[in-house]
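Take a look at the structure below.
In what follows, residues are counted from 1 in the order of the sequence shown. This is a predicted model, so every value here is computed, not measured.
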Amino acid sequence: MSDDISDYVDVKTRIELFYAKYPEGSIQFEYMGIMDANPDFIWGIARAYRYPDDPRPSTGTCSELAKGSTNFTRGSEMANLETSAIGRCIGSAGLGLGKSMATKQEVDSAKARQVKPTITQEIDPWAKPEEDYPTVPTCAHGSMRRKTGLKKDGTPFAGYVCGVGGTGESCKAKWDRS
C-alpha cells in the first residue's frame with residue numbers, strides 16, 4: 001500500500017460536498033449488528049437521501065472489528081463504523097471520489113491494521129485434538145472445511161466451517177470447543 005494518501009478524500013469533505021449539492025438531503029446510519037459469518041466484526045449501512053421523498057437513496061455498507069485493534073480504534077468502533085459507512089455511501093453517490101471509493105480514514109485504518117505485533121502461538125488446552133474428528137463433518141452443502149488460526153488476542157482457534165462461506169446460506173460452524 002502506497003504511503004501517499006493525498007488523493008483520497010476524507011469523510012468530512014464528502015459530507016460537505018453532499019450537503020452543498022443536496023441542501024435538503026439527509027444522511028442516515030443504521031447499525032446492523034454482529035456479522036453472522038464473522039462474529040469478530042460489526043456492520044452497518046448508511047443511506048444518503050438527496051431530498052425528503054428520495055425513493056432510491058445512495059447506500060454504503062461497512063464492517064469494523066468489534067474490538068478495535070489499535071489504540072486509535074479501540075473504544076470508538078461504532079463511530080469508525082458509522083464514519084466509514086457514511087463515507088462510502090456518499091462516494092457511491094459519485095461525490096468526493098478522489099483516487100478511489102475508499103476514504104482517507106479507511107486507508108489510514110488499513111495501514112494501522114498492517115502493523116501487527118508478533119504473536120507466539122501457544123497450544124490451547126481446550127482445543128480438541130485432530131483425532132477427535134475421525135471423519136470430516138458434513139453440513140447441508142457437503143463436506144465442511146477445516147479452519148484454524150489465531151484470534152486477535154493471540155489465542156488459537158480451530159474447527160470446521162461450511163464450504164459455502166459468508167453468503168448468509170452457510171451452515172453453523174463446528175468449533176473444537178463450545
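- Taken together through direct or relayed side-chain contacts under 4.5 Å among Ile, Leu, Val, Met, Phe, Trp and Tyr, L95 and Y49 form parts of separate hydrophobic clusters.
- Applying the side-chain hydrogen bond (donor to acceptor under 3.5 Å, both in side chains) rule to pairs touching residues 26-37 yields S26-Q28, E30-R47, sequence neighbours excluded.
- Here the NZ atom belonging to K67 is positioned 10.5 Å from the CG atom belonging to D40, to the nearest 0.5 angstrom.
- Considering only heavy atoms from C-beta on, M35 stays 4.5 Å or farther from I42 through its side chain.
- A chain of hydrophobic side-chain contacts below 4.5 Å, direct or via other Ile, Leu, Val, Met, Phe, Trp or Tyr residues, connects I34 to F29.
- Remark: side-chain polar atoms of S92 are paired, donor with acceptor, to backbone N or O of C89 under 3.5 angstrom.
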**OP:** With side-chain contact (heavy atoms from CB on, under 4.5 Å) as the test, would you mind laying out the steps for K152 and L65 before giving the verdict?
**Re:** CA-CA 10 Å; K152 58 188 172 205; L65 282 168; 4.2 Å; yes
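- Under the 4.5 Å side-chain heavy-atom criterion for ILVMFWY residues, no single connected hydrophobic cluster contains both I86 and L81.
- Y160 OH to K174 NZ: the interatomic distance, rounded to the nearest 0.5 Å, is 10.5 Å.
- In this structure K147 satisfies the side-chain contact (heavy atoms from CB on, under 4.5 Å) test together with F157, V161, W175, sequence neighbours excluded.
- Between R145 and C162, the shortest heavy-atom distance links the atoms NE-O, 4.2 Å.
- Taking every heavy atom of both residues into account, H141 and C171 meet most closely at ND1-SG, 3.4 Å.
- Shown here are the ring-ring contact (aromatic ring centres under 6.0 Å, His included) partners of F41, two or more places apart in sequence or in another chain: there are none.
- S63 pairs by the side chain to side chain donor-acceptor pair (under 3.5 Å) definition with nothing, not counting sequence neighbours.
- In plain terms, the two heavy atoms of A66 and E77 that are nearest each other are O-CG, 3.5 Å.
- For D54, the side chain to side chain donor-acceptor pair (under 3.5 Å) partners two or more places apart in sequence, or in a different chain, are R50.
- Residue E64 comes nearest to C62 through the heavy atom pair OE2-SG, 4.1 Å, listed as atom of the first residue, atom of the second, then distance.
- Contact of the I90 side chain with the L17 side chain is not registered, since no non-hydrogen atoms from C-beta on lie closer than 4.5 Å.
- Annotation for Y51: hydrophobic cluster partners, listed by chain and number, are none (ILVMFWY side-chain heavy atoms under 4.5 Å, direct or chained).
- No side-chain heavy atom of T83 sits less than 4.5 Å from a side-chain heavy atom of K12.
- Every residue two or more places apart in sequence or in another chain was checked for a salt bridge (Lys or Arg N to Asp or Glu O under 4.0 Å) with E24, and none qualifies.
- Not one N or O on the side chain of E16 forms a donor-acceptor pair closer than 3.5 Å with the backbone of R14.
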